[in-house]
> 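Pasting a structure here, questions to come.
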Amino acid sequence: MHPVRVDVRTATGGYAVLLGEGLTDHLGRLLDERHIFPRRFIVTNPVVWRFHGERIAGALPGAEVIQVSDGERHKHLASVAHIYEALVCADADRGCVIIAVGGGVIGDMAGFAAATYLRGIGLVQVPTTLLAQVDASVGGKVGVNLAAGKNLVGAFYPPLVVVADPAVLQTLPRREYRAGLYEVIKYGMACSADLFRRVQAEAAHLANPAASFIAPIIAECCRIKAEIVSADERESGPRRVLNFGHTAGHAIESLTSYRRFRHGEAIAWGMLVASQVAVARGLLTSDDDRALEALIMNLGPLPHIADLRAAQTVEAMRRDKKVVNGRLHFVLPTGIGTTTIVDDVSEGELTAALTLVGFAAA
Ligand code: NAD
Ligand code: GLY
């Protein structure tokens, strides 16, 4: 077994992202080799644990398991409090590590608990969704939602190691798998024309989560993200590009109480909105916009947005984290694989773009 290894640099050192089919069975050894504390708490949810618990428990003998409710609507402070209480009950001290086993929701919440419990204990990310393997587990962003908006509370807290096994994606529902593919398209459209073209060319194969097809794509996304976050860990510069599609995406997730859209689906709508703004400004050609739309729409149906009012969506965008000094920073595509960041998109432009994409005008 020769995992792909991608290194991420951080202000405090760095960590490896290890990617390989079957790595789950070697989790204990991989952590031991890195001298990661032997007292280990797995934070997961009942869905992930039902599919993969036996195998993971076998690979991490003696690890204690803390379960939180499944789903984005449970990504809030009450779930983090549940993790703290379980740690306190078990007398967990600073010589402990949290191992986040799940999708991005678990990774973000367990990561936030690790960042804040006793002012910080060790964290290992074991992502089990495509979205978490290509994006959420890498880069150290952890946090939770507030009713007012997505990821409004959080921290930058790098893991000690990320261990991603594409074999676990076999149990992922098709819809969740597609949601991860939208984030792959995000990397292509925002950062890499090569990746975009590859996804276009391999679209028929990618619809099937066979590890042999998807593993090289996951590795490429991790390499792209590692390069960006190594250069800008705390999102003061180039990392902002990774927020392509997130401004409108986060707004519609929050407007629908985190129930209608998978995160990746909301980002897919968000990319289409940002691209319409870019086309209207003359920054993006209609051909490139159509190529993005075709790639997204050919993957399968997205949940509808026709009942969401453009004005309400603009209002929700104004509460986004990307508002700095009252100005909303917006990532706009300028071609396949390139973007620019602007802070002067007007409400009128946003309303026009939302309406063109299909949001309700009034
Ligand atoms: P998720 O964590 O809700 O997982 C999706 C569903 O799949 C859940 O029901 C989960 O229990 C289930 N699941 C997970 N692994 C499975 C498996 N192997 N087999 C069967 N079912 C499985 O959603 P997600 O799309 O992974 O993550 C979305 C979250 O990630 C959002 O909250 C988003 O804000 C966050 N995110 C964070 C970052 C970051 O940098 N920290 C980046 C992108 C997204
Ligand atoms: N998902 C965007 C980032 O990690 O910066």
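Numbers for residues simply follow the sequence, beginning at 1. Note that the structure is predicted; figures quoted are calculated from it, not measured. Order of listing sets the numbers, starting from 1, for every ligand and every atom in it.
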> Count the heavy atoms belonging to other residues, nucleotides or ligands that lie under 6.0 Å from CZ of R9, then report whether that count exceeds 12.
no
> Should N243 be counted as touching ligand 2, given the test is an N or O pair under 3.5 Å?
no
> Show the atoms of ligand 2 that are less than 4.0 angstrom away from any heavy atom in E235.
5 (O)
> Does the T256 side chain pair with the main chain of R259, one donor and one acceptor, at a distance under 3.5 Å?
no
> Taking the six-membered ring for Trp, are H205 and F213 parallel (under 30°), tilted (30 to 60°) or perpendicular (over 60°)?
parallel
> Consider only side-chain N and O atoms of D232 and S236, and report whether a donor and an acceptor are under 3.5 Å apart.
yes
> Looking only at protein heavy atoms, which one is nearest to atom 3 (C) of ligand 2, and how far off is it?
K141 NZ, 3.3 Å
> Is there a nitrogen or oxygen of H246 sitting under 3.5 Å from a nitrogen or oxygen of ligand 2?
no
> Measure V229 to ligand 2 on non-hydrogen atoms and call it side chain, backbone, both or neither using the 4.0 Å cut-off.
neither
> Is a donor from one side chain sitting under 3.5 angstrom from an acceptor on the other, for E72 and H263?
no
> Quick test: of every protein heavy atom, which one is nearest to atom 4 (O) of ligand 2, and how far off is it to 0.1 Å?
K225 NZ, 2.6 Å
> For E33, does the CD atom have more than 12 heavy-atom neighbours from other residues, nucleotides or ligands under 6.0 Å away?
yes
> So which residues, sorted by chain and number, lie with a heavy atom under 4.0 Å of ligand 1?
N45, V47, V48, F51, H52, D70, E72, K75, G103, G104, V105, D108, T128, T129, L131, D135, A136, K141, K150, N151, V168, T171, L172, P173, E176, K225, R262, H263
> Does a side-chain heavy-atom distance below 4.5 Å link K150 with H246?
no
> Using the salt bridge (Lys or Arg N to Asp or Glu O under 4.0 Å) rule, collect all pairs that involve residues 81-110, keeping only residues at least two apart or in two chains.
K75-D108
> Answer whether the closest heavy-atom distance between the side chains of L18 and V162 falls below 4.5 Å.
no
